[in-house]
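I have placed the structure first, in the form of structure tokens, so that the comments after it can refer back to it.
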Amino acid sequence: MDDTLLEELNEPQIQAVTQVTGPVLVIAGAGSGKTRVITRRIAWLIAQGIPPWQILAITFTNKAAGEMRSRVSRTLGHGWRDFGQLIHDAPTICTFHSLCLRILKHYAQSVGLKPNFSILDVHDQQKLVKQAIEACGLSSSQFSPSQSHGRISAAKNKLITPEQFAKTGGFVEQKFAPVYRKYQELLSQNNAVDFDDLLMKTAFAFREHPEILQELQERFEYILIDEYQDTNHAQYIIAHALAMKHRNICVVGDPDQSIYAWRGADIRNILEFEQDYPDALVVRLEQNYRSSKRILAIASQLIEKNTQRKKKSLWTDKPDGPRAKVIVCADERDEAQQITQQLRELHDRHQVKWSDMAIFYRINAMSRVMEDSLRRSGIPYEIARGVEFYGRKEIKDVLAYLRVIVNPLDEVSLERIINVPTRGIGEKALQIMKLHCITEGSSLFEVMCSADRILGISKRAANSAVNLGAQFMRWRKMAGIEQGSDVSFTVQEIIETVVKESGLEEHYAKESDVDIEGGPQANINELINSAAEFDEENPQATLETYLHQVSLVSDADHRGREGAITLMTLHAAKGLEFPVVAMIGLEENILPHERVRDNPEQLEEERRLCFVGITRAQEQLIISWAMNRSSRGLRNRQMMSQFLREMPAEHLEIVRSPAIGGDWGYSSGDTEIESAEPAIRRGQRVRHPAFGEGMVVDVSATGQHTRVQVDFRHAGRKTLILEYARLTVIG
DNA sequence: AGGTCGACGTTTTTT
DNA sequence: ACGTCGACCT
């Protein structure tokens, strides 16, 4: 027996690692060595003689899966390769989505899918939703595509079909159900699925094809699920269906770090695990190995304000550490400067490496000002998941070409690139071709290939279309999809050829004459590089595999550029740790976000988000908030976040930025932090001499005037200048 | 056909 | 401040 696997583990950790059979619930507090436990547990199972391929470990992100995979093989001295197929002899370590993808591909025929289906990204999904709305004769002003998409997504995560949606819902649902149905129809016409379909179709496959489920149940005797607090209903069903036979299911999570309820995560999954498995072994990991005593105290006191919570007390052996610095700033630019200055000092005077620091914010938009400041100051930084790499226009263009090569039925992609670069196939020609599709019952791709036989299309357009079709057929041969080529090309070679022959290369060369860093050309080159890496790691991979893999990765795994500060959203920060953490924008309506104002449950989620941020810090925590902040062009007065008020003052050191000056009407000597509170607040009821009674929806200061937006009970929503409008406060 | 310009509504967090 | 949409110009 290999005792080194239990080295440096505490008592509860050993329990979690060695309880091989039966259900296990591990409540893993922040920084309690969770990843170590999971890795060791997988290694332990294998050391017990369990065949690796019987082990299934599910993580929340691809990045986490990759890390875990390499840690496990390092622990065991193995060099497994995971080719993204269902069948291989390594343990399966992946996300729910990629597990479902593998399952759906493997059983494609029985499930009624062609294995070359496209996976649409959010943007394309919304485009299709919009089409569905229009096809149902509803105005897209009534149902915005993004909102509608959200509704559909939420339904899918709860495994609600369009039919059930119509049956169980109220008036709005009745009206909306056809859109959902139509959307599903469009997806299937495109031979495409969305993210949520991966889960839903898998869950339904288990229900409708017991033989599939049985096969998988027998295969995966040992199941482990990380970040269990963030699983949604579909994932819950999938996990428990798989585990039903052997009941060797180990789930790991922390209810205090549940931050994805907004996308369907159901915290009850973890809270009720013991009811699902009354014989479960429950292990609590409460010793924190990450943060100083002060940081832990701040986090603990904050999270205790949540009422919906299982009590848990984290403790640590670490030293007290310094107090957390709270910087009150004049505005967001000042804030960025203050943070930059603080971090530079840590770097220059205390030799802290840039890569040991991170800056967290609530919303992506807040990174801009911070970036500017860092850039001006010459500090290297890297944004984890900023504008998603695969979301960039030029990248999407290239991928759209590839998707059409693999899946000619993918009209979302075909429409995207049919005239990019412009080749004379305009709106009109496209409309005629689409009409033809309907009358002939054939696909746009087929129609395009024989566009010269359609009346009403200009010679030029028809020629281009036919040529493009022929071009695609050549590429399909090259990719080994169509018969005719006996040489096999790598994904990299295919992409390079397509970029050249499609004219995209020239197209983007024209748009920007120089190779700008982060410009279209540079990005395409980066894509080609990453494809080369993919080829190397997956020697026998096809273009189809490549596309599927790429669809599930939101970011071109920037594996933390060496020597750079990391910037990211609080959500992206989960699971990471840094010696120095700066959290910016601790203001009402930012953190907590304005959209959660009146919802106590969502407010608690925001508090957890704040908790997650704090607990990423090992030694030093810096927090800032700004008295003014501009958003959508308007300058708003900000109030300090209630969360800041909830933190223990004795562990905070409050600093006022010199930029505030003394002329803000607040005594500057105050150690207590005060907020710049306008006289009239959101949510306040007011009366107007002409408009009657209403509720203040928004207050913003621009220049000399304060604008208030008021929702009047009878007169509707009005924007007023506070100084002129004679508003009286009610109550 | 297609490109450009101005208006408009709109922005949380992610697989 | 960003992307989409419609109108107008090349």
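Just so we're on the same page: letters track the sequence lines, and every chain starts at 1.
- Inter-residue side-chain proximity for A:Tyr390 and A:Leu527 is flagged as met; some heavy-atom pair is nearer than 4.5 Å.
- Judged purely by atom type and a 3.5 angstrom limit, A:Asp410 has no side-chain atom pairing as donor or acceptor with the backbone of A:Ser118.
- Taking only side-chain nitrogens and oxygens, A:Asn419 comes nearer than 4.0 Å to OP1 or OP2 of B:dG2.
- Electrostatic pairing of A:Asp121 and A:Lys396 counts as a salt bridge here, judged by a charged N lying under 4.0 Å from a carboxylate O.
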Give DNA chain B the dot-bracket treatment, 5' to 3': Watson-Crick (N1-N3 with N6-O4 or O6-N4) or G-U (N1-O2, O6-N3) under 3.5 Å, [ ] crossing, | other strand. |||||||||......
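- Aromatic ring orientation, A:Phe60 versus A:Tyr260: tilted (interplanar angle from 30° to 60°).
- At distances below 3.5 Å, at least one donor-acceptor pair connects side-chain atoms of A:His548 with backbone N or O atoms of A:Phe117.
- For A:Asn364, a side-chain nitrogen or oxygen approaches OP1 or OP2 of B:dT14 to under 4.0 Å.
- Looking at A:Pro592 and A:Arg607, their side chains never come closer than 4.5 Å, going by heavy atoms from C-beta outward.
- Within 4.0 Å (heavy atoms only), A:Leu570 reaches no atom of the nucleic acid at all.
- Ranking B:dT15, B:dT11, B:dA1 by closeness to the A:Phe195 side chain, first place goes to B:dT15.
- We find that NE2 of A:His507 is positioned 12 Å from P of B:dG2, with the value rounded to whole Å.
- Nearest nucleotide to the side chain of A:Arg263, out of B:dT12, B:dT14, B:dA1: B:dT14.
- Proximity of a side-chain donor or acceptor of A:Arg416 to a complementary backbone N or O of A:Ala400 within less than 3.5 Å is not detected.
- For A:Ser146 and B:dT11, the shortest distance from a side-chain N or O to OP1 or OP2 is below 4.0 Å.
- Within a heavy-atom distance below 4.0 Å of DNA chain B, the residues of residues 583-595 of chain A found are A:His593, A:Arg595.
- B:dT14 atom P lies 6 Å from atom CH2 of A:Trp262, rounded to whole Å.
- Across all strands shown, A:Val596 has no heavy atoms under 4.0 Å from either base or sugar-phosphate atoms.
- Atom-to-atom, NE2 of A:His97 to C1' of B:dT15 comes out at 4 Å; the value is rounded to the nearest Å.
- Checked for salt-bridge contact, A:Glu371 and A:Arg368 miss the test: no charged N lies under 4.0 Å from a carboxylate O.
- Residues A:Glu227 and A:Gln229 have side chains that bring a donor and an acceptor to within less than 3.5 angstrom of each other.
- The 5' end of DNA chain B is approached more closely, in terms of each residue's nearest nucleotide, by A:Thr422 than by the other of A:Gln602 and A:Thr422.
- Distance CG (A:Leu199) to P (B:dT15): 13 Å, rounded to an integer number of Å.
- As rounded to whole Å, 13 Å separates atom C1' of B:dT15 from atom CD1 of A:Ile259.
- Here the nucleotide nearest the side chain of A:Ala572, chosen from B:dT14, B:dA1, B:dT15, is B:dT14.
- At a threshold of 4.0 angstrom between heavy atoms, the contacts of A:Phe96 with the nucleic acid are absent.
- Ion pairing of A:Glu604 with A:Arg309 is absent here, as no side-chain N (NZ or NE/NH1/NH2) approaches a carboxylate O to less than 4.0 Å.
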Distances for protein N or O near nucleotides 4-10 of chain C N or O, under 3.5 Å:
unit_1	atom_1	unit_2	atom_2	d
C:dT4	OP1	A:His123	NE2	3.4
C:dC5	OP1	A:Lys130	NZ	2.3

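- Across all strands, A:Ala461 comes closer than 4.0 Å to no nucleic acid atom at all (heavy-atom distances).
- In this structure, A:Arg151 satisfies the cation-pi test against A:Phe176, with its NZ or CZ atom closer than 6.0 Å to the six-membered ring centre and inside 45 degrees of the ring normal.
- Residue A:Ala429 has its side chain nearest to B:dA1 when only B:dA1, B:dT15, B:dT12 are considered.
- When each of A:Glu606 and A:Arg423 is assigned the nucleotide of DNA chain B bearing its nearest heavy atom, the one mapping closer to the 5' terminus is A:Arg423.
- The distance between atom CE of A:Met366 and atom P of C:dC2, rounded to the nearest whole Å, is 17 Å.
- With respect to the salt-bridge test (charged N to carboxylate O, under 4.0 angstrom), the residues A:Lys127 and A:Glu415 do not qualify.
- Each of B:dT15, B:dT14, B:dT13 was ranked by its minimum atom distance to the side chain of A:Arg362; first place goes to B:dT13.
- A:Arg368 places its CZ atom 8 Å from the C1' atom of C:dA1, with the value rounded to the nearest Å.
- A straight line from CZ of A:Phe360 to P of B:dT13 spans 16 Å, rounded to a whole angstrom.
- Between B:dT12 and A:Thr569, no contact under 4.0 Å exists linking OP1 or OP2 to a side-chain N or O.
- Between the side chains of A:Asp397 and A:Tyr508, at least one donor N or O sits under 3.5 Å from an acceptor N or O.
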